[in-house]
Amino acid sequence: MSKKVQKEKTEENPTVSNDNKVVVKRNIKDCVFTDLFSNKKYLLELYLALHPEDTGITEDDLTDITIENVLVNDLYNDLGFRVGDRLIILVEAQSTWSPNILIRSLLYVATTYQNYINERNLDVYSSKKISIPKPELYVIYTGEHKERPRELQLSKEFFKDAEDISLDVKVKMIYGDNEDDIIGQYVIFTKVYDEQRKLYGRTRKAIEETIRICKERNVLKEYLESREGEVVTMMMTLFDEEQIARNHDAAIRREEREKTTEQAIANIITVYRQIDGSIDAAIQNIMKMYGYSEKDATEIVQKYWDEVPVTININMPKND
């Protein structure tokens, strides 16, 4: 299956695990991020925003190496591309601050190198040193800037007290300070979307207003004009997936409450039987505790009265 087909399939359908639990892997903004930079024109703009000095690079020099999420809980990243055979760039878009991006980046770069080695049949056990591209790791952060650092480092975040670390990872943080480049425009898009979502909720109106405002402000205008229908469809599809996930979680919680209630009722009936309580007293107790009608409480108690084994030992106080 090609990457394009995989991506379309992911966008059209919610991801479902083996226990039928819907897992929404990406949020609305990540979806636009992925779609935006799947176009090499914008990918080249991204690269030049990171390396403005490298003016000789063309679209043909860029190769998409994004790790795809084919299976639930598979490792995947937002964007990865190779510049010839000299540079690997991995980029994540994050709206929530977390140092765990360093761990994820470590896994991304390890997986990317593994794929690179396998594709070229390189022998890592050979005495001859193999050649691999230099890695660059970035996070485009769209949340509150505050006093965030310009770089995160694995050794400083996770091994502060260690004197010697055998492995380290550095991730450069990008905050979209330059509103004229493609990165700054993407960050503005996310902020406009957040504002409209607060006004209109997760609705088509919020999406359409986000697109309208961004086009008026010349933010990702060309992309939004050429892909407006697709962007609306992608974002609405993810709204639906998120609702499916919420409904599923609500159903699970409801089932758990029902099971808990059912077990509690069975325990109450067991207690009444063990202390020689009457079935009528059990019915009245169930009505009082759970708000059942007499008819429903009677059906429930009668269901369990003869079926529930007496397993609870209660030491009743002896009368003097």
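None of the values given here were measured: they were computed from a predicted structure.
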Original post:
So Val187 and Ile140, side-chain contact (heavy atoms from CB on, under 4.5 Å) or not? Walk me through it.
Top reply: CA-CA 8 Å; Val187 172; Ile140 298 176; 3.9 Å; yes
Subject >> Hphob cluster co-occupancy, Ile165 + Val171, side-chain heavy atoms under 4.5 angstrom >> reply: yes
Subject >> Residue pair Tyr193, Met235: steps toward the side-chain contact (heavy atoms from CB on, under 4.5 Å) verdict >> reply: CA-CA 11 Å; Tyr193 165 73; Met235 296 174 81; 3.8 Å; yes
Subject >> Trace of the salt bridge (Lys or Arg N to Asp or Glu O under 4.0 Å) decision for Glu216 with Lys221 >> reply: CA-CA 8 Å; Glu216 285 183 355; Lys221 183 177 181 179; over 6 Å; no
Subject >> Side chains of Ile57 and Val83 in contact at under 4.5 Å (non-hydrogen atoms) >> reply: yes
Original post:
Under the 3.5 angstrom rule, does the side chain of Asn77 hit a backbone N or O of Tyr108 as a donor-acceptor pair?
Top reply: no
**OP:** Quick one: closest heavy-atom pair of Glu59 and Lys41, and the distance?
**Re:** OE2-CA, 3.5 Å
**OP:** Might you work through the side-chain contact (heavy atoms from CB on, under 4.5 Å) test for Leu154 and Ile103, ending with a clear yes or no?
**Re:** CA-CA 8 Å; Leu154 184 71; Ile103 304 297; 3.7 Å; yes
Original post:
Side chains of Thr66 and Asp64: do they bring a donor and an acceptor to under 3.5 Å?
Top reply: yes
**OP:** Taking the side chain as every heavy atom from C-beta outward, state whether Ile132 and Ile130 have any pair of such atoms under 4.5 Å apart.
**Re:** yes
Original post:
How many angstroms lie between CD in Gln185 and CD in Glu45, if you round to the nearest 0.5 Å?
Top reply: 8.0 Å
Subject >> Any residue meeting salt bridge (Lys or Arg N to Asp or Glu O under 4.0 Å) with Asp54, in chain and number order, not counting sequence neighbours >> reply: Arg86
Subject >> Mutual orientation of the aromatic rings belonging to Tyr175 and Trp97 [parallel < 30°, tilted 30-60°, perpendicular > 60°] >> reply: parallel
Subject >> Point-to-point distance, once rounded to the nearest 0.5 Å, from CD of Glu144 to OG of Ser95 >> reply: 11.0 Å
Original post:
If you group Ile, Leu, Val, Met, Phe, Trp and Tyr by side-chain heavy-atom gaps below 4.5 Å, do Leu199 and Val219 land in one group?
Top reply: no
Original post:
Who are the side chain to side chain contact (heavy atoms under 4.5 Å, CB included) partners of Thr112, not counting sequence neighbours?
Top reply: Ile65, Ile67, Ile88, Leu90
Subject >> Gap separating the CZ atom of Phe189 from the CZ atom of Arg217, nearest 0.5 angstrom >> reply: 12.5 Å
**OP:** Provide the closest heavy-atom pair for Met287 versus Ser293 in the form atom of the first, atom of the second, distance.
**Re:** CG-O, 3.9 Å
Original post:
Between Phe37 and Phe81, is a side-chain contact (heavy atoms from CB on, under 4.5 Å) present by the stated rule, with each step listed?
Top reply: CA-CA 10 Å; Phe37 294 114; Phe81 62 99; over 6 Å; no
Original post:
What's the spacing between Leu46 CG and Asn39 CG if we round to 0.5 Å?
Top reply: 12.0 Å
Original post:
Residues two or more places apart in sequence or in another chain: which of them pass side chain to side chain contact (heavy atoms under 4.5 Å, CB included) with Pro52?
Top reply: none
Original post:
How many angstroms lie between atom CD of Glu195 and atom OG1 of Thr190, to the nearest 0.5 angstrom?
Top reply: 9.5 Å
Subject >> Distance-minimising heavy-atom pair for Ile183 and Ala49 >> reply: CD1-CB, 3.9 Å
Subject >> Residue pairs passing the salt bridge (Lys or Arg N to Asp or Glu O under 4.0 Å) test where at least one lies in residues 169-186, sequence neighbours excluded >> reply: Arg150-Asp177
Original post:
Hey, what do you get for CG (Asp85) to OG1 (Thr63), rounding to the nearest 0.5 Å?
Top reply: 8.0 Å
Original post:
Salt bridge or not for Lys295 and Glu299, using N-O below 4.0 Å?
Top reply: yes
Subject >> Gln114 and Tyr116 side chains, donor-acceptor separation under 3.5 Å >> reply: no
**OP:** May I have the step-by-step check of salt bridge (Lys or Arg N to Asp or Glu O under 4.0 Å) for Glu208 and Arg204, ending in yes or no?
**Re:** CA-CA 6 Å; Glu208 291 175 342; Arg204 189 182 188 93; 3.0 Å; yes
Original post:
Looking at Arg197, Lys191, Lys198, which hits salt bridge (charged side-chain N to carboxylate O under 4.0 Å, His left out) with Asp194?
Top reply: Arg197
Original post:
Will you find, in the side chains of Tyr223 and Asp35, an N or O donor that is under 3.5 Å from an N or O acceptor?
Top reply: yes
Original post:
With sequence neighbours excluded, what pairs up with Ser126 under the side chain to side chain contact (heavy atoms under 4.5 Å, CB included) test?
Top reply: Asp123, Lys128
Subject >> With Lys205 via side chain to side chain contact (heavy atoms under 4.5 Å, CB included) - residues at least two apart >> reply: Tyr200, Thr203, Glu209
Subject >> Closest heavy-atom pair and its distance - Pro99, Leu152 >> reply: CA-CD1, 4.5 Å
Subject >> Shortest non-hydrogen contact between Leu62 and Lys40, atoms and distance >> reply: O-NZ, 2.5 Å
Original post:
Of all heavy-atom pairs between Gly56 and Asp61, which one has the smallest distance, and what is that distance?
Top reply: O-OD2, 4.1 Å
